[in-house]
A.B. asks: 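Submitted below is the structure of interest, expressed as structure tokens.
Quick caveat: nothing in here was measured; it's all calculated off a predicted structure.
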Amino acid sequence: MSTRIMTVAGAQMGPVPRSDPRSRTVARMVDLLRQAHARGCQLVVFPELALTTFFPRWLIEDEEELAEFYEASMPGPETMPLFETARELGIGFHLGYAEIAEDGRFNTAILVDPDGRIVARYRKIHLPGHAENDQAREFQHLEKRYFDVGNLGFRVWDTMGGRIGMLICNDRRWPEAFRVLGLQGVELVLIGYNTPTLNGQTFEPPHLRIHHNLLTMQAGAYQNGTWVVGVAKAGLEDGVHMMGSSAIVTPNGEIAAQASTLDDELIVADCDLDAGAYIKANVFNFAAHRRTEHYRLIVETTGVVPPLGT
Ligand code: CDV
């Protein structure tokens with residue numbers, strides 16, 4: 001029997017209104033850390049851009065006003081309680097936030113170990129949306145304006161007793177992103193997301209939006225034999241309804257735990273990190289079965305090309 005069980009909590013968060021100071025949001029997160037510890041968790045996964053409202057929904061032209069949404073240091077004075085609580089409880093956490101650094105502005109996620117040390121950092125690579133104000137939209141999605149494309153690649157770390165990778169929100173829809181983690185033998189993929197329940201551009205029924213969310217995480221899990229923990233910032237945030245449905249997915253693509261509210265809520269699963277080993281050794285034994293000589297288009301073209309058949 002496997003002894004590599006990691007008890008993981010997805011800490012879904014309800015809305016973080018723009019008017020809320022960081023201290024109030026961090027206090028909510030500290031409370032979630034304490035609840036998770038009481039339930040025996042070793043790792044807590046918070047959403048994408050967890051410390052603020054999802055600000056890319058607005059055009060903000062004043063740089064000073066925009067700067068308020070970014071963290072210049074991590075931990076900083078306002079986020080220090082998260083690190084102190086993690087150390088006190090001996091619990092790790094994953095945090096998504098807007099990072100301003102010397103080399104750019106990024107939509108970032110970090111992994112912090114039970115000693116309160118940052119052991120891994122990922123900067124979002126698939127930035128959805130647009131860079132200019134689009135009046136036709138009900139609300140904006142200006143990630144391409146406010147963030148640079150992540151420059152750290154898709155990486156996996158041997159840490160905290162597991163082989164852990166991170167993606168952020170829109171990345172989960174891209175099988176290539178999951179596969180690059182799969183090719184490093186990933187066992188646990190942590191994903192925070194902010195997904196509006198309605199598509200701001202075109203009509204898509206909410207049930208399909210939720211279906212796509214789960215579909216991509218379940219497929220990514222099974223096709224790479226890995227656990228996936230997907231965690232939302234949910235509910236009515238500053239006038240825009242955000243999807244919940246945070247889920248922990250097994251390496252078989254089954255849902256082990258799923259949120260039932262649109263508020264602060266923990267979902268918990270005992271993740272056997274060896275559970276995907278048989279998938280990696282059989283149907284998705286990459287070394288035995290992948291045919292890279294036929295995958296050229298995947299890296300040689302970005303958009304669609306004419307059919308190769310003729
Ligand atoms: N924060 C995101 O990356 N959100 C996207 C939106 C644009 C749909 C997502 O893929 O969920």
A.B. asks: Evaluate side-chain contact (heavy atoms from CB on, under 4.5 Å) for Cys41 paired with Val268, printing each intermediate quantity in order.
C.D. replies: CA-CA 8 Å; Cys41 298; Val268 175; 3.8 Å; yes
A.B. asks: Under the ring-ring contact (aromatic ring centres under 6.0 Å, His included) rule, what pairs show up with a residue in residues 216-240, not counting sequence neighbours?
C.D. replies: Tyr222-Phe284
A.B. asks: Between Gln12 and Thr261, is there a donor-acceptor pair closer than 3.5 Å when you use the side chain of the first and the backbone of the second?
C.D. replies: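 Here the side-chain-to-backbone pair exists.
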A.B. asks: How far does CZ of Arg163 sit from CG of Asp158, to the nearest 0.5 angstrom?
C.D. replies: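 Interatomic distance, Arg163 CZ to Asp158 CG, rounded to 0.5 Å: 4.0 Å.
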A.B. asks: If every non-hydrogen atom of Leu167 is compared with every non-hydrogen atom of Arg172, which pair is closest and at what distance?
C.D. replies: CD1-CA, 4.4 Å
A.B. asks: Ignoring hydrogens and angles, tell me if any N or O in the side chain of Thr195 forms a donor-acceptor pair with the backbone of Met243 under 3.5 Å.
C.D. replies: no
A.B. asks: Residues two or more places apart in sequence or in another chain: which of them pass ring pair (Phe, Tyr, Trp, His ring centres under 6.0 Å) with Phe55?
C.D. replies: Phe69, Tyr70, Tyr146, Phe147
A.B. asks: Heavy-atom distance under 4.5 Å between the side chains of Gln258 and Val249, does that happen here?
C.D. replies: no
A.B. asks: Do Met29 and Met13 have side-chain heavy atoms sitting under 4.5 Å apart?
C.D. replies: yes
A.B. asks: Does the side-chain contact (heavy atoms from CB on, under 4.5 Å) test come out yes or no for Val229 and Leu188, once each step is laid out?
C.D. replies: CA-CA 8 Å; Val229 183; Leu188 180 63; 3.9 Å; yes
A.B. asks: Tell me if a side-chain donor or acceptor on Asp62 pairs with a main-chain N or O of Glu65 at a distance below 3.5 Å.
C.D. replies: yes
A.B. asks: So, His212 side chain and Leu208 main chain: donor-acceptor pair closer than 3.5 Å or not?
C.D. replies: yes
A.B. asks: Name every donor-acceptor pair, under 3.5 Å, that has one atom in a side chain of residues 73-87 and the other anywhere in the protein, sequence neighbours excluded.
C.D. replies:
unit_1, atom_1, unit_2, atom_2, d
Thr79, OG1, Gly76, N, 2.8
Thr79, OG1, Gly76, O, 3.3
Thr85, OG1, Pro81, O, 2.6

A.B. asks: Check Ala109 against His94 and note the closest heavy-atom contact, atom names and distance.
C.D. replies: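 Nearest pair, atom of Ala109 first, then His94: CB-NE2, 3.5 Å.
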A.B. asks: If every non-hydrogen atom of Leu49 is compared with every non-hydrogen atom of Ala98, which pair is closest and at what distance?
C.D. replies: CD2-N, 3.5 Å
A.B. asks: First locate atom CG of Leu297, then atom CG of Leu308, and finally report the distance between them rounded to the nearest 0.5 Å.
C.D. replies: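 Answer for the CG-CG pair, Leu297 versus Leu308, is 5.0 Å.
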A.B. asks: Around Glu176, counting heavy atoms of other residues, nucleotides and ligands shown, do more than 12 lie under 6.0 Å from its CD?
C.D. replies: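 More than 12 heavy atoms, drawn from other residues, nucleotides or ligands, come within 6.0 Å of this atom.
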A.B. asks: Name the residue from Glu143, Glu48, Glu237, Arg57 that meets the side-chain hydrogen bond (donor to acceptor under 3.5 Å, both in side chains) definition with Asn194.
C.D. replies: Glu48
A.B. asks: Does any non-hydrogen side-chain atom of Gln42 lie less than 4.5 Å from one of Met6?
C.D. replies: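 Touching, per the 4.5 Å side-chain cut-off.
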A.B. asks: Find out if a path of hydrophobic residues (ILVMFWY) with successive side-chain heavy-atom gaps under 4.5 Å connects Val112 to Leu43.
C.D. replies: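 No; tracing contacts between hydrophobic side chains, which count when under 4.5 Å, never links both residues.
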A.B. asks: Would you check, one step at a time, whether the test side-chain contact (heavy atoms from CB on, under 4.5 Å) holds for Leu236 with Leu262?
C.D. replies: CA-CA 8 Å; Leu236 188 61; Leu262 293 170; over 6 Å; no
A.B. asks: Partners of Arg179 by salt bridge (Lys or Arg N to Asp or Glu O under 4.0 Å), sequence neighbours excluded?
C.D. replies: none
A.B. asks: State, with a plain yes or no, whether a side-chain heavy atom of Ser245 is found less than 4.5 Å away from one of Tyr193.
C.D. replies: yes
A.B. asks: Can any side-chain N or O of Lys233 pair as donor or acceptor with the backbone N or O of Thr52 at less than 3.5 Å?
C.D. replies: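 Side chain of Lys233 to backbone of Thr52: a pair is present.
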A.B. asks: Salt bridge check, Lys144 against Glu132: does any charged N sit closer than 4.0 Å to a carboxylate O?
C.D. replies: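 So Glu132 does not pair with Lys144 through a salt bridge.
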A.B. asks: Which heavy atom of Pro206 sits nearest a heavy atom of Thr197, and at what distance?
C.D. replies: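 Reported closest heavy-atom pair: CB-CG2, 3.7 Å.
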A.B. asks: Give every residue pair that meets the ring-ring contact (aromatic ring centres under 6.0 Å, His included) criterion with at least one member in residues 156-185, sequence neighbours excluded.
C.D. replies: His126-Trp174
A.B. asks: Listing request: all side chain to side chain donor-acceptor pair (under 3.5 Å) pairs with a residue in residues 279-288, at least two apart in sequence or in separate chains.
C.D. replies: none
A.B. asks: Under the rule for salt bridge (Lys or Arg N to Asp or Glu O under 4.0 Å), what residues qualify as partners of Arg291, not counting sequence neighbours?
C.D. replies: none
A.B. asks: Do other residues, nucleotides or ligands put more than 12 heavy atoms under 6.0 Å from Glu102 CD?
C.D. replies: no
A.B. asks: Is the backbone N or O of Gly161 less than 3.5 Å from a side-chain atom of Arg4, with the two atoms forming a donor-acceptor pair by type?
C.D. replies: yes
A.B. asks: Can you give the donor-acceptor pairs under 3.5 Å from side chains of residues 32-40 to other protein atoms, not counting sequence neighbours?
C.D. replies:
unit_1, atom_1, unit_2, atom_2, d
Arg34, NH1, Glu88, OE2, 3.0
Arg34, NH2, Glu88, OE1, 3.1
Gln35, NE2, Asp31, OD2, 3.2
His37, NE2, Leu89, O, 3.4

A.B. asks: Distance check, rounded to the nearest 0.5 Å: Ile255 atom CD1 versus Ser246 atom OG?
C.D. replies: 11.0 Å
A.B. asks: I need the Thr250 OG1 to Ile279 CD1 distance, nearest 0.5 Å.
C.D. replies: 7.0 Å
A.B. asks: Closer than 3.5 angstrom, by distance alone: can the side chain of Arg155 be matched with the main-chain N or O of Tyr122 as a donor-acceptor pair?
C.D. replies: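 Checked: no pair found.
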A.B. asks: Mind checking whether Leu273 and Ile5 have side chains closer than 4.5 Å, heavy atoms only?
C.D. replies: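 Heavy-atom side-chain distance check fails, nothing below 4.5 Å.
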A.B. asks: Give, for atom CG of Leu95 and atom CE of Met166, the distance between the pair rounded to the nearest 0.5 Å.
C.D. replies: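 Result: 10.5 Å between the selected atoms.
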A.B. asks: With sequence neighbours left out, write down each residue that passes salt bridge (Lys or Arg N to Asp or Glu O under 4.0 Å) with Asp103, or none if nothing qualifies.
C.D. replies: Arg123
A.B. asks: Just jot down the ring pair (Phe, Tyr, Trp, His ring centres under 6.0 Å) partners of Phe54, sequence neighbours excluded, or say none.
C.D. replies: His141
A.B. asks: Run the salt bridge (Lys or Arg N to Asp or Glu O under 4.0 Å) test against Glu71 and tell me which residues pass, sequence neighbours left out.
C.D. replies: Arg22
A.B. asks: Looking only at heavy atoms, which two atoms of Leu266 and Ala9 are closest? And how far apart?
C.D. replies: CD2-CB, 4.0 Å
A.B. asks: Spell out, as yes or no, whether a donor-acceptor pair under 3.5 Å connects the side chain of Asn224 to the backbone of Thr226.
C.D. replies: no
A.B. asks: Which distance, rounded to the nearest 0.5 Å, do you find between the CG of Leu127 and the CZ of Phe106?
C.D. replies: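 It is 10.0 Å, given to the nearest 0.5 Å.
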A.B. asks: Run the salt-bridge test on Asp238 and Arg18 with the 4.0 Å N-O cut-off and return the result as yes or no.
C.D. replies: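 Result for this pair is no, no salt bridge flagged.
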A.B. asks: Looking only at non-hydrogen atoms, find the nearest pair between Asn213 and Thr216 and report the distance.
C.D. replies: O-OG1, 3.0 Å
A.B. asks: Taking side-chain contact (heavy atoms from CB on, under 4.5 Å) as the test, write out the residues that go with Pro175, two or more places apart.
C.D. replies: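 Expected list: none.
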A.B. asks: Report yes if some heavy atom in the side chain of Asn107 is under 4.5 Å from a heavy atom in the side chain of Tyr97; otherwise report no.
C.D. replies: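 No; the side chains remain at least 4.5 Å from each other.
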A.B. asks: Where the side chain of Gln140 meets the backbone of Asp134, is there a donor-acceptor pair that is under 3.5 Å apart?
C.D. replies: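 Yes, because the side chain of Gln140 sits within donor-acceptor range (under 3.5 Å) of the backbone of Asp134.
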A.B. asks: Do Leu111 and Ile164 make a side-chain contact, defined as non-hydrogen atoms from C-beta onward lying under 4.5 Å apart?
C.D. replies: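 Yes; the side chains approach each other to less than 4.5 Å.
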A.B. asks: Give a yes or no answer on whether the side chain of Asn170 reaches the backbone of Pro128 with a donor-acceptor pair at less than 3.5 Å.
C.D. replies: no
A.B. asks: Got a sec: does the CD of Glu64 have more than 12 other heavy atoms crowding it under 6.0 Å?
C.D. replies: no
A.B. asks: When you compare the side chain of Pro56 with that of Arg145, does any pair of heavy atoms fall below 4.5 Å?
C.D. replies: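 No, every pair of side-chain atoms sits at 4.5 Å or beyond.
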